[in-house]
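To find a chain, count down the sequence lines: A is the first, B the second, and so on, and within it residues start at 1.
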Amino acid sequence: MKIATWNINSVRLRQGLVLDWLAREQPDVLMLQEIKCETHLFPTEVFEQAGYGSAVVGQKSYNGVATLVRGDFEVTTELLPGFTDPAARYVELRTQGLALGNLYLPNGNSGAEQGYATKLEFLAALTARAQSFLDQDTDFVLAGDYNICPTPEDCAPGALGPDDALVRPQSRAAWRRLCWLGLTDALRALHPTGAAYTFWDYQAGAWPRDNGLRIDHMLLSPRVAERLQTARPDRDERGMERPSDHVPLIVTLDSSAPTPA
DNA sequence: ATGTCTGAAGCATTCAGA
């Protein structure tokens, strides 16, 4: 089973890139963030013709998430339980025996102290969601744009100041609280050290200088982690014509793992 | 070198957010 997450930075502007990527990579699931359109303006039919159904939670201008799925699925929630802000930042569905949460965390650098507090509130609600899945013995994946560099290795030297919301100690502590429920960071489980960036700013020549960040992540529940085969950012996408500032993170799971009784 | 990009409001050019 092949699952990917990609902050697309306007799905309408880049639907051609997404279609080409789907045709090439043939994932079972693609979780998109920053679709930047209202739900009814999402190009549902275009992806349907490519063989993918979609679960879309959009809004005007900003944010917005959508999960593309090949095969049957059931949407379980379009809001992160416990997170009261109405922004379109979460969609969750079930397919192939897995709960798949697609998330777009608040960046936290705008909106002053309240803006940053909202980021921590989202993380607390996400942690509670993960705990609830564990309590129910549900296999799950939580993937998307976390807007957090978990360790210094996940941020190119000098790319961000020490007070940036992506690297603040409180952000990293909240990330660890989530992981330490017993979740596996798919990329780091297979590639424990070294740069594995998923984002390069459009500004200041970040891409040619490789001043990247690892801020897109896929967390796996324990039984799903047992099935982990590969994880990699698809760096080639950043070199395309008019690319998103993020690239897809691709994870493959062994599909022949035993199913729970 | 805060050096780019997107969508909105509204019709040229700013503005916010990332």
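- Between the CD atom of Glu34(A) and the P atom of dC5(B) there is a distance of 15 Å, rounded to whole Å.
- Regarding Asn63(A), its CG atom lies at a distance of 12 Å from the P atom of dA8(B), rounded to whole Å.
- For the residue pair Thr77(A) and Tyr90(A), the shortest heavy atom distance occurs at CG2-CE2, 3.9 Å.
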Stepwise side chain to side chain contact (heavy atoms under 4.5 Å, CB included) check, Tyr146(A) with Leu178(A): CA-CA 12 Å; Tyr146(A) 281 75; Leu178(A) 175 57; 3.9 Å; yes
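- With the nearest nucleotide of DNA chain B identified for both Tyr62(A) and Ala204(A), Ala204(A) has the one nearer the 5' end.
- Using a 4.0 Å heavy-atom distance criterion, Arg209(A) is classed as a base contact.
- When distances are taken from the side chain of Gln203(A) to each of dC5(B), dA18(B), dA8(B), the shortest belongs to dA18(B).
- One finds a side-chain N or O of Arg242(A) lying less than 4.0 angstrom from the OP1 or OP2 phosphate oxygen of dT6(B).
- Between dG7(B) and dA12(B), the distance separating the two C1' atoms is 16 Å to the nearest Å.
- Spacing between dC15(B) and dG10(B) at atom P, rounded to whole Å, works out to 14 Å.
- Between dT4(B), dT6(B), dA18(B), one nucleotide has an atom nearer to the side chain of Tyr202(A) than all others, and that is dT4(B).
- Leu253(A) and Leu249(A) fall within the same hydrophobic cluster, where Ile, Leu, Val, Met, Phe, Trp and Tyr residues are linked whenever their side-chain heavy atoms come under 4.5 Å apart, directly or through other members.
- Using a 4.0 Å heavy-atom criterion, one finds that Phe199(A) contacts no nucleic acid atom at all.
- Whole-Å rounding puts the Ile35(A) CD1 to dC5(B) P distance at 22 Å.
- One finds a salt bridge joining Arg214(A) and Asp185(A) here, because a Lys/Arg side-chain nitrogen approaches an Asp/Glu carboxylate oxygen to under 4.0 Å.
- Here Ser10(A) does not reach the OP1 or OP2 of dT6(B): none of its side-chain N or O atoms lies under 4.0 Å away.
- Regarding Leu32(A), its CG atom lies at a distance of 16 Å from the P atom of dT6(B), rounded to whole Å.
- Straight-line distance from the CH2 atom of Trp207(A) to the P atom of dA18(B): 24 Å, rounded to whole Å.
- Rounded to whole angstrom, the span from the CG atom of Leu213(A) across to the P atom of dT4(B) amounts to 18 Å.
- Atom-to-atom, CG of Leu41(A) to P of dT6(B) comes out at 18 Å; the value is rounded to the nearest Å.
- Listed nucleotides dT6(B), dG17(B), dG7(B) differ in distance to Arg12(A); the shortest reach to its side chain belongs to dG7(B).
- Relative to the ring axis of Phe122(A), Arg89(A) does not place its NZ or CZ within 45° and under 6.0 Å from the centre.
- At least one side-chain heavy atom of His217(A) sits less than 4.5 Å from a side-chain heavy atom of Pro150(A).
- Nearer to the 5' terminus of DNA chain B, by closest-nucleotide assignment, is the contact made by Leu13(A) (compared with the other of Gly111(A) and Leu13(A)).
- Rounded to whole Å, the P atom of dA1(B) lies 24 Å from the corresponding atom of dT14(B).
- Look at CG on Asp201(A): it is 10 Å from P on dC5(B), rounded to the nearest Å.
- Comparing dG3(B), dG7(B), dA9(B) by their nearest atom to the side chain of Lys60(A) picks out dA9(B).
- Nearest nucleotide to the side chain of Asn107(A), out of dG7(B), dA18(B), dC5(B): dA18(B).
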